Structures are given as structure tokens and as C-alpha cells.
Trainee: 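Below is the structure I would like to discuss, written out as C-alpha cells.
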There are 2 protein chains.
Amino acid sequence: MPRDAETPGAAVGSPLAVRMDDVAERARVSRATVSRVLMGTARVSEATQVRVLDAMRELGYVPNTIAQGLAARRTDLVGLLLRDPRNPAYGLLHAEVQTEAARHGLQLISVVPTPTEGVEDELAGLRRLLGLRVGGLMVSTGVIRAADLEPFLDAVPVVSVGRIEEHPGIYGVSYDEDTNAAIVAGRVAEAGHRSVAVIIPDIRVSTAENRRGLGMAADLEGRGLDVHRVEANSFGTNVDGYDDVVSLVRAGSITAALFPSDWRALGFLDRADAEGLRVPEDMSVTGIDGVMPGIERMGLTSLRIPVREVAVRGVEVLDRMVRDRGSVEIRHERFPGTFLPGRTLGAPPPH
Amino acid sequence: MPRDAETPGAAVGSPLAVRMDDVAERARVSRATVSRVLMGTARVSEATQVRVLDAMRELGYVPNTIAQGLAARRTDLVGLLLRDPRNPAYGLLHAEVQTEAARHGLQLISVVPTPTEGVEDELAGLRRLLGLRVGGLMVSTGVIRAADLEPFLDAVPVVSVGRIEEHPGIYGVSYDEDTNAAIVAGRVAEAGHRSVAVIIPDIRVSTAENRRGLGMAADLEGRGLDVHRVEANSFGTNVDGYDDVVSLVRAGSITAALFPSDWRALGFLDRADAEGLRVPEDMSVTGIDGVMPGIERMGLTSLRIPVREVAVRGVEVLDRMVRDRGSVEIRHERFPGTFLPGRTLGAPPPH
DNA sequence: CTGAAAGCGCTTACAG
DNA sequence: CTGAAAGCGCTTACAG
């Protein structure tokens, strides 16, 4: 029966309205044969193949991925649940993951949560991807907990990229936040600071930043420094804790502030300007990430996280899991970054 | 018939393996009724509704979007084809579009092409989205031509965001690149420069950058300045043309270089440093975009494009088109940006 | 190498 | 208000 011209979402005459049956008819073969050519799996005679390919091209056929997925009970689609794309670290990760996915023949679709919303919104994004029944899932940093993922681990392989992961059912390819924290803390201590502030966001705001903050504080205390822990518990803003830091500096209680991200550190540098605080003469400031374009120009002392390595490895692992789940033993890998010297870390001011 | 335990992609016991029939059975209703509750369209008795909702929750049911889309011949999914996520302008756009889509109840999925590949790769991304039979499409800046989109316009509404658009079948919500170019050019001229370089990428590299470059050159020539057009035709790199600019400065032929993006301008500042050229004492440099985090700190003279306005308007229009195509008359809107003063534009050096 | 037919998990007239 | 049934556009055993 010919299709109704009213079929929504696929106007007649449009390539999107062309179905496999149309291709089959034009190529004078059965639908099954067209499918075989499309899949590239079964043997099809040379002549038939050419006819089918020609018909596809002539009609501008775009296979309906939806129907393919439903019929085959599988997809080449893999999903990426990405955190805040405004953050250059995630923007870069996004690009690298796509590049690698393409190399591996995986079709990447991405979902980003609304940056200013919390865990509920991230879960909605997760369901969007799961509803599409993606063949694999990459979860980038964010506030989704392993427990939220747990119910789905039997059905879909999950790789955590760039976020701390310790769940035994989730492969982890992360930045080594503890080592990173220790590297930055070590440099600050070596510069001679004895009393510093460390900005520590709540774990619900960012698991990575939380871990970095805690790591820096622990490391510095281990070295005998006096550490003021400054909480930053608001979601989607970087100004949290600035007031406290300024007060501490003014009171002569600290000579340096260690931020868990460049974003927070740079925001503070503007604030310091506004307050008339000179960096590094009056106080030192450090960040972490080191991937912002032009970071060297800004002179922020930071640590560069290995985004590309993490993307390459993450996709490699997911690809293996998608193809043969059993062949991959779950591990939690961590990649440390490299110190990025800058002009915002100096010796403490003489008092 | 109970499902085979081998069903791939949906292990038994996982919520992803739960089908609507399972929910129906547990709630002691028909599949049709479950569907009605899920859709929220038809009337269902209070009691039945509660039973169905309970069953869904107890089983952890995640509706199969694939099957829904196939059966309903429509989707709430809208696709965003985004250009290079490493570019902060697109990262910001991505975040804003998602925020707006969520407000409008649209489910956004994004596809990014591999940054270093060309138009073929972007077309593959387009097909990925079309294969999913998204209900609407937002196309961000990139090298895809209107002609590539044309065959699909009958079937799916398309809104161009942040990229020049002139096709009568595609709604355009763009940056006003011509005005933007004129603004920057005007400031350079006012600063007293009489001979400058304008970096002009090929249209296949970036339609937006191409337009900006041509616009700046035309405006300056209109003002009687001597303009050296520097081509930049490589894909995925910002260093193209740097050699030429350095030579022109060394030869005393120009006193300023106008780049069509901050990315290119910042890259050049590093090069200038390496060459021992002081900015703005020896030469002036300008960019365009103004959305990079910390841009003020870097001091680059630039122009800030109105990303949020474009995202808000683009999603608003797409939403209307998705709901009732006929209600929207195609237009091409343009939003100008605002000048961003910096330290890299000064008076020309005395010779 | 090729086709007829069942079935993927849903939605939606069509009846009641 | 609810159910039985057709059908969305495909893939894939099963036969030949």
C-alpha cells in the first residue's frame, strides 16, 4: 500500500521519505538483499550489489537508524555524556573523543546537561542516551554517581573518562587527580609558602574539583603547612569562596590560594585586581587544567591535564567493550598531568 | 514467549531489558494502556494510572526511544550539528542551546565532526542526525553548504545558528559578521593605521571567518587604507599566514594585522613574542569572538559575538517550527556584537 | 546468492 | 476508559 502523503516527518519527495522497499523496488531485488548490501555482511553478487548501490544513490536513501537499531537489537551508536561544554577541558575532550570514535568506526552522539542544573538534569541526559539504546556509554566528569549507572551496567558497557571512578563495574580512564594535586601543592610549598588557602568545592558540585582540593590540602598538611580550607558549594559559578580568600589575605593569614581549576583561579585574579591585590607580589595563585587556549599568555601557574591521552585510551577501551564485552577486564587507569609554570606563583611576601 | 536470555544489548535483569509488555503485565493492563499513560495523551482512569506508574517504577522501565520514534513517526529529539567544540565560541553556544532546548521541552542530541576533517566528515555527522530522524535540526557554523541541506528541508525544519545563512528554506539566526567586521575595521582605522594585513581563511575552511576577513578588508579599503590580504587555507590550524604577516611587518609594509578569530590572533601573539615583535609598540593585533574565558586578562582587542542571544532565538524558532512548521515564515536574522577594547591595538609605530 | 516471513518495542486508529 | 490489531522501517534466521 502506498504511503499516505501526510506521513509526518518525512514528506514525500524527500530522501528522508525513501524506504528500503523503495530502493528494493528500483533495484528489482528484495528488501532483504538491500539490507545485506547495506550491512556489508552476507555475500551478494557483484551485479546485484551495483544495482542496489545505484538505486540508493539515485533516490538519496538515508537508512533509518531507528528502525535498524530496533531490528538488529544493536547499534554502532555510542553516547557521550559530557559535562559543561563551556569549560575548555571538556570542549577539548569532546573533540578528542569524537576524533578517536571516528577512527574506531563508532558513531558518537553527545548529550550535555544544562550547566546550571544539578544531578537531576544529568540523569535526564543519561536517560536520553539510554533510551536511544546506545551500544556503549562514555561518561565524562560530572556529578552522576556510580550508583546511578549501576542498574544499566549489565546492558551497556560504561567507560568513565576524565572523572574519578572506583566502581568495579565501570572502566575508569581518569586524570590522576591525587598526583596532580600533589604536584601543584609541592610547587607551592617549595616556593616557600607556609600558610595557604585551598578552595574545595563540594563533591556534589564537581567530583574532580573536590578531589583536587582535598588532595592539595592533604598534601600541604602532610608537609606541615597551615591550610585554610575554603568551601565552594554553589553550582555553576566560580566566585564561591573569593570573599573568604580576600579576607584571609587581608588578615595576613595566607600568602597563597590554590584553586581546583583554572576557571576558578582566573576568576579570582580579576577579583584580586579589583581589590588592588597584586599577584604574585601580595599573594600567589594557582589553578589546575592548563588546557585553556592562550593559558601561557595569561601566565597562570597551573597543571596541564592529559586530555588527549585520556580520550584515546577511553575510546579504545569502549570500542573493545562494545565489540566483545568479555574480552575486557575492568580496570581503573589514571593519567597524571604536567606542571605548567606561570607568573602567578612566587615567593611569599616578606611581612 | 519469554525472551531469550541471550538478547544482546539488554541483559535480563537490567532495566534496559524491561519492555512495555512487562510493565503491562505487572500492572494488569494492556500494552496500549501503558503507552497512553506514558504519552499522557488519552484519558486513563486514576486507579489504572497509579498501577501503571508503580509498575514502571518498580521495574525501572526506560522506554525505548527507538521504538517510540518508529511507531509514532515522530520524535522530541532535535539535533545540533556543532562545529569544533575546542573553540570556546562553540562550546558556549553548545551550552546555551542545551539550556534553551531544555526550557522548551526539546531533547537535544549533538554531533560534532572531527575538527581536523573537512566537509565530508561534517556530512557524515549530518547523516547521523538525519538517520535518527530528529524532529528538527540546528546547524552551527561550519563548512556544510545550504545545498547539502536542501534535499532534507521538506522533511525536517532546519535552523542555522551562528553561521551565515541565505537559503530561502533555512531559517537563519546568525552573527552579523559584516557589521562586526566593520566595527573592528573602524577602530583600527581610527587608531591611525594606514596599511594593514587582513587574514582571510578560505570559505571551505570557515564560512564565518571568511566573511569576517572579507568584510574587514572591504571596509578598510573603503576607508582608503592599504590592505594586504593574507590567505589562510589549511583546515584545523591557526598558524596559516603567520609567516606572511611577520614578513610584512619586517618589511615595514603594515602596522597592524586583523585576524578573523581570537584563536588565530592569540596564536599570532605567541609567534610575535617568539619573533621579538612587541604588541602594540611594533604592530597592532585584533581578533574577533570575545567569548574565551579570561579574554580580558589576555588584553586582546576583539569583538564579542552575542552567543546567548543567538542561542535563545535559534531554539525559540526551531521549537515553533517543530510544533507547527507552517506557522513560521523563514527569515534571516543577524545579531551584531560589541567591541571589546584591549591592549593589543594602539597607534601605528612612528617610522 | 536470494526471497518470504517473523519480529524488534513501541503508538494509534478502530471498536467497544 | 480499555483492548486487539495493524504497522512503523528495518535485520536475520530459515529455506531454497
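Order of the sequence lines sets the chain letters (A, B, ...), proteins ahead of strands, with each chain counted from 1. The shown structure was predicted, so the numbers you read here are calculated from the model rather than taken from an experiment.
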Trainee: Measure CZ/A/Arg133 against P/C/dC10 and give the value in whole Å, please.
Mentor: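 Going from A/Arg133 (CZ) to C/dC10 (P), I get 7 Å.
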Trainee: When both hydrogen-bonding distances must be under 3.5 Å and the geometry is Watson-Crick or G-U wobble, what is C/dG16 paired with, if anything?
Mentor: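 Looking at the geometry, C/dG16 pairs with D/dC1.
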Trainee: Out of A/Val158, A/Val139, A/Val159, which residue meets the side-chain contact (heavy atoms from CB on, under 4.5 Å) rule with A/Ile170?
Mentor: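 Answer to the side-chain contact (heavy atoms from CB on, under 4.5 Å) test with A/Ile170 among A/Val158, A/Val139, A/Val159: A/Val158.
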Trainee: Would A/His332 and A/His167 count as a close aromatic pair, with their ring centres under 6.0 Å?
Mentor: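 No - the distance between ring centres of A/His332 and A/His167 does not fall below the 6.0 Å cut-off.
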Trainee: Quick one: A/Gln68 CD to D/dC10 P, roughly how many Å, whole number?
Mentor: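 Rounded to whole Å, this separation is 7 Å.
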Trainee: Contact class for A/Ser35 (heavy atom, under 4.0 Å): base, sugar-phosphate, or nothing?
Mentor: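 Base, at least one base atom sits under 4.0 Å.
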Trainee: Map B/Arg36 and B/Tyr61 onto DNA chain C by nearest heavy atom, then report which one ends up closer to the 5' terminus.
Mentor: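 That would be B/Tyr61.
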Trainee: Among B/Glu329, B/Glu165, B/Arg313, find the residue that satisfies the side chain to side chain donor-acceptor pair (under 3.5 Å) test when tested with B/Tyr171.
Mentor: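 Answer after filtering B/Glu329, B/Glu165, B/Arg313: B/Arg313.
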Trainee: Among C/dG9, D/dG9, C/dT11, which is the nearest nucleotide to the side chain of B/Arg19?
Mentor: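 In terms of side-chain proximity for B/Arg19, the closest of C/dG9, D/dG9, C/dT11 is C/dG9.
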Trainee: Choosing from C/dG3, C/dC10, D/dG9, which nucleotide comes nearest the side chain of A/Ala32?
Mentor: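 Selected nucleotide (nearest to the side chain): C/dG3.
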Trainee: How far does the C1' atom of C/dG16 sit from the matching atom of C/dT12, given to the nearest Å?
Mentor: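 Each nucleotide's C1' atom is 16 Å from the other's.
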Trainee: Between D/dG9 atom P and B/Asn64 atom CG, what is the distance in whole Å?
Mentor: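 Result: 16 Å.
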Trainee: In whole angstroms, how far is the P atom of D/dG7 from the CG atom of A/Leu70?
Mentor: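 Checked: the CG to P distance equals 17 Å.
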Trainee: Please state how far atom CG in B/Asp21 lies from atom P in C/dT11, giving the value in whole angstrom units.
Mentor: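 Going from B/Asp21 (CG) to C/dT11 (P), I get 11 Å.
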Trainee: Do B/Arg31 side-chain and C/dT11 base share a donor-acceptor contact under 3.5 Å?
Mentor: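 Checked by distance alone, the answer is yes.
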Trainee: Which atom pair, heavy atoms only, marks the closest approach of A/Arg133 to B/Pro63?
Mentor: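 That closest heavy-atom pairing would be NH1-O, 3.6 Å.
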Trainee: Just how far, in rounded Å, is C1' of C/dC8 from CG of A/Leu132?
Mentor: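 Going from A/Leu132 (CG) to C/dC8 (C1'), I get 15 Å.
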Trainee: Quickly work out the A/Asp22 CG to D/dC10 C1' distance and round it to whole Å.
Mentor: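 Result: 13 Å.
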Trainee: Nearest to the side chain of B/Thr48, heavy atoms from C-beta on, is which of D/dG9, C/dT12, D/dC1?
Mentor: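 Among D/dG9, C/dT12, D/dC1, the one nearest the side chain of B/Thr48 is D/dC1.
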Trainee: So if I take every side-chain heavy atom of B/Ala72 and compare against D/dT11, C/dT12, C/dG9, which nucleotide ends up nearest?
Mentor: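 In terms of side-chain proximity for B/Ala72, the closest of D/dT11, C/dT12, C/dG9 is C/dT12.
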Trainee: Choose from C/dC1, D/dT11, C/dC10 the nucleotide whose nearest atom is closest to any side-chain atom of A/Arg43.
Mentor: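 For A/Arg43, the side-chain atoms sit closest to C/dC1.
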Trainee: When you get a sec, tell me which of C/dT11, C/dG9, D/dT11 is the closest nucleotide to the side chain of B/Met39?
Mentor: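 So the nucleotide nearest the side chain must be C/dT11.
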Trainee: Look at B/Ser45 and D/dT2 and indicate whether a side-chain polar atom (N or O) is within less than 4.0 Å of OP1 or OP2.
Mentor: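 Looking at the OP1 and OP2 atoms of D/dT2, one of them is under 4.0 Å from a side-chain N or O of B/Ser45.
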Trainee: Find the distance A/Ile66:CD1 to C/dG9:C1' and express it as a whole number of Å.
Mentor: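 Result: 12 Å.
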Trainee: Are the side chains of A/Leu129 and A/Leu137 in touch, meaning some heavy atoms are under 4.5 Å apart?
Mentor: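 In contact.
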Trainee: Could you tell me whether the phosphate oxygens of D/dA4, OP1 or OP2, come under 4.0 Å of any side-chain nitrogen or oxygen in B/Ser30?
Mentor: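 No, no such contact exists.
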Trainee: Side chains of B/Tyr90 and B/Ser140, heavy atoms from C-beta outward: is any pair under 4.5 Å?
Mentor: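 B/Tyr90 vs B/Ser140: side chains touch.
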